[in-house]
Amino acid sequence: MSEESFDFTCTTCEENYNRIVEAVRYCIECSGYCCQSCTDTHNAFPALRNHNLLDVSQGSQAGNQQSSLPEFPTEKCSLHKGKILDVYCGVHDDVVCSTCIATSHKSCPENSIYSVPDMIDTLYRLDDTKRINRQLKELTVSMKSISKSKDEKLEALKGAKNEAIEKVELFEKALKSMIGRAAEDSKSEIIATYHELENDILQDTHHVDTVGDELQQLEGKLRRSEGNRAQRFVCSKQAEKKLAEAEKFKVKQDKRSNEDVPLSFTPNQSVLNYVKGLHGIGQVKGLHGIGQETVSRKKVDLYRIRRHTEINIGMTDDIRTHHFYGCITQDNKLIVTDGFNRKLKRINLETMTVEDYCKLDDNPHDICRTRDKEAAVTYFKSNTIQFISIHHKMSLTGQIKLPHDCYGISSKNEKLYVTNHGYSIYVYDMTGTLLNTITGDNAGLSLFSSSRHITFNENGDKMFVGDWNKGLVCFDGDGNYLSTSSDNDLNGADGVCADGYGNIFVIAHGSNKIVQYDEDGKKIGVIVRQKNRLYDPRSVCFDQELKRLFVTLTARNVVKIYELE
């Protein structure tokens with residue numbers, strides 16, 4: 001059947017199947033005509049049911065620039081699936097859906113909110129579209145150029161990787177060569193010592209044989225001197241002298257016979273310990289997009305305390321006993337929450353003094369870094385997350401009010417993870433929209449009884465939560481439960497932090513200890529005990545560069561510093 005037989009033909013059938021089929025409807029969202037079969041498809045699929053299907057005659061008008069039919073956007077909201085981006089906010093100069101308006105734009109004036117279909121004649125400007133289209137084309141070219149540059153960098157990176165590995169292998173060979181030479185030196189020393197000792201033993205054997213012969217001769221002389229008293233006297237005195245010499249030699253040999261093996265080798269333990277503690281055999285550096293260097297990560301054995309100090313962080317205008325619930329490090333600075341005095345204090349770790357503080361609206365508990373120059377603090381009593389600029393002078397910025405208690409807090413990939421001091425962890429985006437609630441395992445059993453602090457490992461693919469009664473609770477990066485670790489050392493698990501090398505530190509408030517775990521939740525051992533002057537610890541954070549643990553305490557205006565090795 002020829003195309004001229006129909007006034008309107010199905011766009012989908014013609015373009016995709018090269019078939020000429022009569023159209024019965026026009027879809028505004030698809031901007032095309034539909035035959036009866038394609039119309040049925042629209043009605044069958046949930047994602048297409050809301051499309052505006054017009055009569056073909058209306059569709060003809062809709063395709064005409066002079067059409068007076070209303071125009072509807074078809075783009076969907078990325079946050080609220082299924083919602084159309086049909087509202088414009090003049091304050092934020094952004095198109096959003098109706099749910100976004102109700103949640104994230106409540107403070108925007110009503111006269112700045114417009115319905116896109118109703119106000120399209122006012123909102124739409126052809127010049128703007130042309131300008132944006134031109135910019136899109138220019139940036140598309142730029143993106144292709146950047147993509148090409150990235151491909152070239154990727155190739156260069158592969159070459160650098162191969163070159164670095166080659167250097168490692170050459171260095172490894174050099175180390176093996178040096179170790180081989182050192183081993184040969186030890187072997188030569190062993191052989192030389194062996195020959196020296198062998199010579200001593202041969203000399204002793206010769207001496208024994210000589211003395212034995214002399215004793216036999218004296219015995220014969222003494223026997224033959226019978227009847228000649230003068231000769232017997234002389235022989236007796238000679239025999240006594242020789243017997244004394246032989247007895248001394250015998251006693252000396254008896255002592256030697258009780259000694260250990262005369263030749264042994266003891267490995268140099270300091271060399272062994274040094275090699276065991278190595279994080280690789282060199283320094284690996286790589287620049288990310290923001291200029292950060294990568295760190296060679298390797299799990300280590302149990303840390304040991306090398307030195308212990310403390311900082312007094314009291315201030316003259318403090319009015320109550322201090323409770324320090326949380327801490328983070330920042331550019332050789334330490335930031336701690338002072339609960340009772342409603343302050344956030346920043347300590348200079350070079351001068352060991354409080355150099356800056358920020359007055360808060362409520363009693364703070366935990367703190368985490370959200371961005372490079374921004375932190376978030378929890379207000380436990382008022383169910384609030386307070387954002388704070390930590391750039392130059394610390395200052396308050398925005399707040400998020402939540403419908404539950406807020407105790408511990410951590411941040412990853414523009415998401416906030418909040419504990420409620422109870423049975424749950426809540427996951428929010430940065431605007432306060434709830435994304436997930438974690439309470440139980442796959443069987444529905446409760447994971448928490450008193451959830452406290454949260455930390456992530458270096459890669460962000462493991463999450464660890466301290467629970468006062470249950471211990472250390474482990475999850476993958478998506479919040480799926482993995483395991484729970486607990487024993488007698490982990491009494492009152494509270495603060496947690498990671499070292500960036502595959503280890504997790506857990507505060508055991510009830511037993512005044514800091515316990516080290518690996519990323520699989522396996523206990524490595526206890527690092528800090530009460531005998532190390534640790535009393536009522538609350539939170540812990542780690543200085544990766546200098547390997548220092550900072551520990552805040554209950555009702556004491558000091559922060560403990562443990563330098564580790």
Side-chain angles (χ1 to χ4, degrees), residues 171-281 300-308 488-489 513 516 523-533 547 562-565:
F171 190 45
E172 180 187 13
K173 289 180 181 179
L175 287 176
K176 286 181 177 179
S177 177
M178 286 185 282
I179 292 173
R181 287 197 296 270
E184 290 300 324
D185 290 341
S186 293
K187 291 177 184 178
S188 298
E189 187 177 353
I190 289 171
I191 292 172
T193 303
Y194 165 78
H195 287 311
E196 183 179 345
L197 294 174
E198 180 188 37
N199 187 54
D200 289 344
I201 292 172
L202 291 175
Q203 289 181 359
D204 287 345
T205 301
H206 177 72
H207 184 67
V208 168
D209 293 340
T210 301
V211 172
D213 291 341
E214 290 175 350
L215 290 175
Q216 284 182 351
Q217 291 175 8
L218 287 170
E219 183 184 1
K221 288 181 180 180
L222 192 60
R223 186 175 59 253
R224 289 191 297 272
S225 66
E226 187 176 355
N228 185 344
R229 290 184 299 168
Q231 178 63 17
R232 175 159 282 206
F233 175 77
V234 171
C235 289
S236 296
K237 290 301 179 183
Q238 287 180 328
E240 285 179 349
K241 185 177 180 180
K242 186 57 67 177
L243 285 171
E245 292 177 3
E247 186 64 32
K248 285 182 181 180
F249 182 77
K250 178 178 179 298
V251 170
K252 182 179 179 181
Q253 296 305 311
D254 288 342
K255 287 183 178 179
R256 285 188 175 182
S257 65
N258 294 326
E259 293 176 352
D260 294 334
V261 178
L263 178 62
S264 64
F265 173 76
T266 303
N268 189 329
Q269 195 63 37
S270 61
V271 173
L272 185 62
N273 290 337
Y274 177 77
V275 174
K276 285 174 64 178
L278 285 177
H279 300 275
I281 57 174
V300 300
D301 294 330
L302 181 67
Y303 281 104
R304 293 180 298 174
I305 299 174
R306 186 168 63 88
R307 198 162 70 99
H308 160 238
N488 293 333
D489 286 325
K513 295 176 181 178
Q516 179 181 338
K523 177 183 173 183
I524 298 176
V526 178
I527 305 173
V528 187
R529 303 175 184 272
Q530 186 168 319
K531 68 178 183 180
N532 304 120
R533 301 181 181 179
K547 290 186 173 60
Y562 295 96
E563 297 181 14
L564 305 179
E565 60 181 5

- N-O pairing of Lys242 and Glu245 below 4.0 Å: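 A salt bridge is present here (some side-chain N lies under 4.0 Å from a carboxylate O).
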
Between the main-chain N or O of [Y] and the side-chain N or O of [X], is there a donor-acceptor pair closer than 3.5 Å?
| X | Y | value |
| --- | --- | --- |
| Thr193 | Glu189 | yes |
| Gln516 | Tyr303 | yes |
| Asn532 | Arg529 | yes |

Spacing of [atom1] belonging to [X] relative to [atom2] belonging to [Y], to within rounding of 0.5 Å:
| X | Y | atom1 | atom2 | result |
| --- | --- | --- | --- | --- |
| Glu196 | Leu263 | CD | CG | 10.5 Å |
| Cys235 | Asn228 | SG | CG | 8.5 Å |
| Lys513 | Lys531 | NZ | NZ | 10.5 Å |
| His206 | Ile201 | NE2 | CD1 | 16.0 Å |
| Leu218 | Glu214 | CG | CD | 7.5 Å |
| Glu184 | Ile190 | CD | CD1 | 10.5 Å |

- Could you please spell out the steps behind the side-chain contact (heavy atoms from CB on, under 4.5 Å) verdict for Arg533 and His308? CA-CA 9 Å; Arg533 301 181 181 179; His308 160 238; 3.8 Å; yes

- With the side chain counted from C-beta on, respond yes when Arg304 and Ile527 share a heavy-atom pair under 4.5 Å apart, and no when they do not.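 Sidechains of Ile527 and Arg304: no contact.
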
- Where Ala246 and Leu215 come nearest, the two heavy atoms and their spacing: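 For Ala246 versus Leu215, the nearest heavy atoms are CB-CD1, 4.3 Å.
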
- How far apart are the C-alpha atoms of Ile305 and Val528, what are their side-chain angles, what is the distance that settles it, and do they pass the side-chain contact (heavy atoms from CB on, under 4.5 Å) test? CA-CA 8 Å; Ile305 299 174; Val528 187; 3.9 Å; yes

Using atom types as modelled, flag every donor-acceptor pair under 3.5 Å from a side chain in residues 219-227 to any protein atom, sequence neighbours excluded.
residue	atom	partner	partner atom	Å
Ser225	OG	Lys221	O	3.4
Ser225	OG	Leu222	O	2.9

- Message: Within the supplied structure, the quantity of interest is the number of heavy atoms (other residues, nucleotides, ligands) at a distance under 6.0 Å from Asn488 CG; does it exceed 12?
- Response: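 Atom CG in Asn488 is not packed in, count stays at 12 or less.
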
- Do Ser236 and Arg232 have side-chain atoms, one donor and one acceptor, less than 3.5 Å apart?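 No donor-acceptor contact under 3.5 Å links the two side chains.
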
